[in-house]
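Just below is one structure, and these are the notes that go with it.
A note on names: the letters A, B, ... follow the listed sequences, proteins ahead of strands, and every chain is numbered from 1.
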Amino acid sequence: METLSTPLPSLRRYSTSVNNDHDHDHPVFLHIKQCTNSSQLGQIHAHMLRTGLFFDPYSASKLFAASALLPFSSLDSARKVFDQIPKPNLHSWNTLIRVYASSPEPLQGILIFLRMVHESPYYPNKFTFPFVIKAAAEIFSLCVGQALHGLAIKASLGADVFISNSLIHLYLSCGDLDSAYRVFTMIGEKDVVSWNSMITGLAQRGCAEKAFQLFQEMEEEGVKPNDVTMVGVLSACAKKLDLELGRWVCSYIERKGIRVDLTLSNAMLDMYTKCGSLEDAKRLFDMMEEKDIVTWTTMLDGYAKLGEYETAKQVLDTMPRQDIAAWNALISGYEQNGKSKEALSLYHELQQSQIAKPDGITLVSALSACAQLGAMGIGECIHAYVKEQGIKLNCHLTTSLIDMYSKCGDIKKALDVFYSVDRRDVFVWSAMIAGLAMHGQGRDAIDLFSRMQETMIKPNSVTFTNVLCACSHAGLVKEGKTFFNQMEPVYGIRPGIQHYSCMVDILGRAGLLEEAVEFIEKMPILPSDSVWGALLGACQIHGNVELAELACRHLLELDPENNGAYVLLSNVYAKTGKWDGVSRLRKHMRVTGLKKEQGCSRIEVNGVIHEFLAGDNCHPLSKEIYSKLDEIMVRLKSAGYVPNKSHLLQLIEEDEMQEHALNLHSEKLAIAFGLQYVEVSQPIRIIKNLRVCGDCHSVAKLVSRLYNREIILRDRYRFHHFSGGNCSCKDYW
DNA sequence: ATAGGGTTAG
């Protein structure tokens, strides 16, 4: 065993004075302070036990504090020391709560607090509260926090600035901004920490404006901001995406001579990248003498989010250590910019290389990529990985899984995930409602919405978008109106532009075009392109030329590049036999160089994604696919199928050519491919980027009957489940 | 003895 470098000076001499006044100069305390490893501390512990000094609560608390707080100490051994103290004093109790509060098990801090209240003769003092409140904040327990707040007031400690600052932090962590602000305003002498907690908390909670306002008030009240303040203020600038303000803050820091440490530099860097100035960021990055992993990750994230993937990858390759956050930054950069395939291939590379272990965030990004692509095989692998690794489903992951299964067409699996978890936040509920909505199960979506309210989880604006969307896809006009009208008076959510669009969609689809127009005219906010787009879509369904022209005009005013508007209007002309209108549009599109977005369908077989563009013959099995398609057409026609050409953009004049063009629609190629290569027991899942045309819809219905196959087709707006000659949308789409 | 900070997420 290792021995102490210096012999302990005659411990025994002091051992008799245990019950006397505490001797602050007791040499053993000096030794405790000077310990550099746990075995030295262990020896002192043994000495104190032998001499009986350990049985003096004050002396024991000194040893215990050291074993709990010195840099080399571990929580486990500290706990063992504590358990040996016959009558721990208040200081020891406080210290134990303190170390638990910042340990991986903060709940223990609260349990120890309760034990102290029940078992010890002490009342919590002004030191106890900050520690135990921190523990409550760590586990985001608002109700424990409120109880502690009450106890602190009862103990006449409600005005203590340390306790108030802890409470501000607690309330902000739990999202109770009002209570935090109430505590804040009650502090007589706010110190810099009070301001910092409030500013940082508000900035993180999305109240950047208010955070900046407080920073100005702080200055007016003459409290000097420090480096921590500026981190919070910069975080507010980043959230506001306000580069000018951010630059001003950086010059303010320089002007006031505020200490710039690594964290503050990183915050400046983050502000620059979030506000979109890679130049400023790069300049700062090159100037920074000290860099840590956060510096590198922030820079990498900036490049990735702004679409500079090459540079981002270079940063990843050159950074000193690639932790999972770095990979996540790049993967989520791809995913958020719609580059799902790249996101998944990077995820694959990460798994192959085993440089870092995927965490919940990695999986959320990868699952979102799967959802976008409709890559269910890969999505299922990720789900299996989650189970294998015993990764606990948090609400983020649950939401992503539900979203992935829904968007890949397996609403049953989405529901399985939903029912398998015991914690559901507003995002989980909203995702499930959205899933049911896109599968046309409007009634179920509405039922789920009612059940959500029984759980006391408050719907947000996204929830309402999804509920209205459910009403739209299922043709529930009356219900949609009711929900919309309840939003503000009952739920306190002011309808946003997306809710107005949904309402126009609900009314328009149901054929209530005049009412939809009236609704638009009465809108208190300016109608957006999505509102006019919804009206135009409805005009296509119901063949209303006049309103279609009106909607198209407004739509193009707001978004002149919107090629979808031309396609929809052209479809209305074609449907109503107005061929002059069709050719006028065609000419206009040719002159302006606008092209119809190319149709693209995707199908996954054995984890490989096959992509088909309209009329493309790039697929290695192209020949087979076309001959299969011919066979299908013959079989369909003998069953009475007549091609419906009104769904063409009418860019092709010849009749035969038109029919040929129809057959080239990407979803038909995918169906032909799926019939051959997807196992018979499995449904054929197809993802299309545009809306399915009427002809393809009829073909899919017939194929499902004649070939006795289930076809699940996701188009731009929703799912169609074809089986036995019918579609789940009941032809209402 | 006490409180507050930056990167990755639907």
Side-chain angles (χ1 to χ4, degrees), chain A residues 61-62 65 68-69 90-95 97-99 101-102 125-134 137 157 160-170 172-173 183 187 191-201 203-204 226-235 238 261-271 273-274 292-302 304-305 323-333 335-336 356 358-368 371 394-404 425-431 434 460 462:
Chain A
S61 79
K62 282 284 180 190
L69 300 171
L90 184 53
H91 185 276
S92 293
W93 283 105
N94 287 347
T95 304
I97 295 167
R98 175 185 176 186
V99 292
S102 40
N125 68 357
K126 63 172 187 162
F127 294 109
T128 320
F129 281 106
F131 300 143
V132 68
I133 291 168
K134 183 190 169 79
L157 290 167
D160 184 278
V161 69
F162 276 87
I163 295 175
S164 299
N165 290 346
S166 308
L167 284 167
I168 291 173
H169 175 65
L170 167 107
L172 287 166
S173 320
V183 174
I187 305 175
D191 65 8
V192 65
V193 177
S194 319
W195 290 96
N196 289 354
S197 301
M198 211 54 222
I199 290 171
T200 307
Q204 282 170 348
N226 63 13
D227 52 334
V228 179
T229 322
M230 301 325 290
V231 171
V233 174
L234 283 167
S235 150
D261 66 357
L262 184 54
T263 303
L264 186 50
S265 301
N266 286 343
M268 285 156 69
L269 196 64
D270 179 55
M271 180 276 295
T273 59
K274 290 259 165 49
D292 66 358
I293 190 135
V294 177
T295 319
W296 288 91
T297 310
T298 305
M299 206 59 214
L300 162 52
D301 183 60
K305 290 283 164 1
D323 69 350
I324 189 62
W327 284 82
N328 289 349
L330 190 50
I331 293 172
S332 77
E335 187 268 312
Q336 283 171 27
D359 63 3
I361 293 164
T362 326
L363 302 175
V364 165
S365 298
L367 285 167
S368 302
N394 59 23
C395 287
H396 279 283
L397 252 178
T398 307
T399 306
S400 300
L401 280 168
I402 292 172
D403 188 54
M404 182 276 291
D425 67 1
V426 62
F427 291 98
V428 173
W429 284 98
S430 303
N460 63 19
V462 175

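Using a 4.0 Å heavy-atom distance criterion, A:K134 is classed as a sugar-phosphate-only contact. A:H169 comes within 4.0 angstrom of sugar-phosphate atoms only, judged by non-hydrogen atoms across all strands, and of no base. At a threshold of 4.0 angstrom between heavy atoms, the contacts of A:D403 with the nucleic acid are absent. As judged by a 4.0 angstrom heavy-atom cut-off over every strand, A:N394 is placed among residues making no nucleic acid contact. If you check every strand for non-hydrogen atoms under 4.0 Å, A:T263 touches a base. Nucleic acid contact class of A:D261 (heavy atoms, under 4.0 Å, all strands): base. Nucleic acid contact for A:N226: base, since at least one base atom lies under 4.0 Å from a heavy atom of the residue. Here A:T399 lies in heavy-atom contact (under 4.0 Å) with a base. Among the heavy atoms of the strands, none lies under 4.0 Å from A:D160.
When the side chain to side chain donor-acceptor pair (under 3.5 Å) test is applied to A:K134, no partner is found at least two apart in sequence or on another chain. Residues forming a side chain to side chain contact (heavy atoms under 4.5 Å, CB included) with A:Q204 (at least two apart in sequence, or on another chain): A:T200.
Of the options A:V231, A:N226, A:D191, A:V233, a side chain to side chain contact (heavy atoms under 4.5 Å, CB included) to A:N196 is made by A:N226 and by none of the others.
Counting only heavy atoms from C-beta outward, the side chains of A:T229 and A:W195 never approach each other to under 4.5 Å. In this structure, the side chains of A:I331 and A:T362 come closer than 4.5 Å at one or more pairs of heavy atoms.
Side chains of A:N266 and A:T263: a donor-acceptor N/O pair is absent below 3.5 angstrom, by distance only.
Taking every nucleotide of DNA chain B with any atom under 4.0 Å from a non-hydrogen atom of chain A, the first and last of them, 5' to 3', are B:dA1 to B:dG10.
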